[in-house]
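Since the structure comes first, as C-alpha cells, the remarks are kept for the end.
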Amino acid sequence: MILTKSLAEIEVMREAGRITAKALRMVGEAVQVGVSTVELDRIAEKCIRTEGAIPAFKGYHGFPATLCTSINEQVVHGIPGKRRLKEGDILSVDCGAIIDGFYGDSAVTFAVGVIAPEARLLLEATAASLEAGMSRCREGMRLYDIGAAVQGVAEGAGFSVVREYVGHGIGRAMHEDPQVPNFGKAGTGPALKLGMVLAIEPMVNAGAYDVHGLSDGWTVVTSDSSLSAHFEHTVAVTENGPMILTVE
Ligand code: MG
Ligand code: MG
C-alpha cells in the first residue's frame, strides 16, 4: 500500500531532508585526495547528531556506519573504512537522517580531484537522469513514468541502469511501498497522488547493468568492474509539482 503524507508530515520530512542535505554538503566539502571514507563518515554523523537527528543507516539491518561510501566500480552500500581517496576516483555518498520519526534519504557522487572524461560524463548523465525522473513526480503521472525518464537519459548517454536495486517510498520508514525502478514503460504503474513521497535514486553504470555483492555482505559492485554513479533525492508530490525535500 502506498501511503500519502499530510502537509504537516511533509514539513517534518523537509527538516529530515535539510539535515541530510547539510551532512552531504559537509562531506562534499571534505572530499579530497588522501581523505579516508571513515573520516567522511565521522563528519556526517557529527553533523546529523548536532542537528538533533539520528543517522538513518547506522544499525539499519546491522549496517555499521552513517554513510554508504562506494568508490569507482562500487555501486551502493560500501562501508566507510581506512581506504583513502585517490586522484581520479568517483565516490558515491549515500546519507539518511531521522527526525521526529521521519526519514530523509539522499545521495551524491563526488569527483576526487580531476577525473577521466568518461567518469565526468557518467556523473553528469546520472545527475541529469535524476532530474528527469524527479520532473515526473506529479499528480496524475504514473509510477513508471519516473523510471522511463531516468532510463531514457542514462541509456541515451550510452550508459546502463542497475536493475537489482531501486528507489522507494519513504516516510516513517526508510523503505516504504512502492519500489521505484530506474527503468520501465512510460504510462504504466500506479497513479501518483498528492502527498506521496518517493526516494528516486538512479544507479548508472558505465558498462553493463549487472551487479553483484561482495563478501562483506554489503558492498555492491558492477560485475564488469566498470564505473558506477548514484544520485538520490527524497521528493514529494505536491499541488505545486515535485518538491525536493533533501535540500538545505
Ligand atoms: Mg539513499
Ligand atoms: Mg534510498
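Whatever order the structure lists ligands and atoms in, that order sets their numbers, starting from 1. Starting from 1, each residue takes its place in the sequence as its number. Quick caveat, the model's predicted, so the values are computed rather than measured.
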Quiz item: By ring-ring contact (aromatic ring centres under 6.0 Å, His included), which residues pair with His175, not counting sequence neighbours?
Solution: Tyr60, His168
Practice problem: Consider only side-chain N and O atoms of Asp224 and Ser226, and report whether a donor and an acceptor are under 3.5 Å apart. | Solution: yes
Practice problem: Enumerate the protein N/O/S atoms at a distance below 2.8 Å from the Mg ion (ligand 2), ignoring waters. | Solution: Asp105 OD2, His168 NE2, Glu201 OE2, Glu232 OE2
Exercise. Decide, yes or no, whether a salt bridge links Glu45 with Arg42 under the criterion of side-chain N to carboxylate O below 4.0 Å.
Key: no
Quiz item: So, for Val180 and Gly169, which heavy atoms are closest and what is the spacing to 0.1 Å?
Solution: CG2-N, 4.4 Å
Practice problem: For the pair Ser70 (side chain) and Gly78 (backbone), establish whether a donor and an acceptor sit closer than 3.5 Å, ignoring hydrogens and angles. | Solution: yes
Quiz item: At their closest point, which heavy atom of Asp210 faces which heavy atom of Asn205, and how far apart are they?
Solution: O-ND2, 4.2 Å
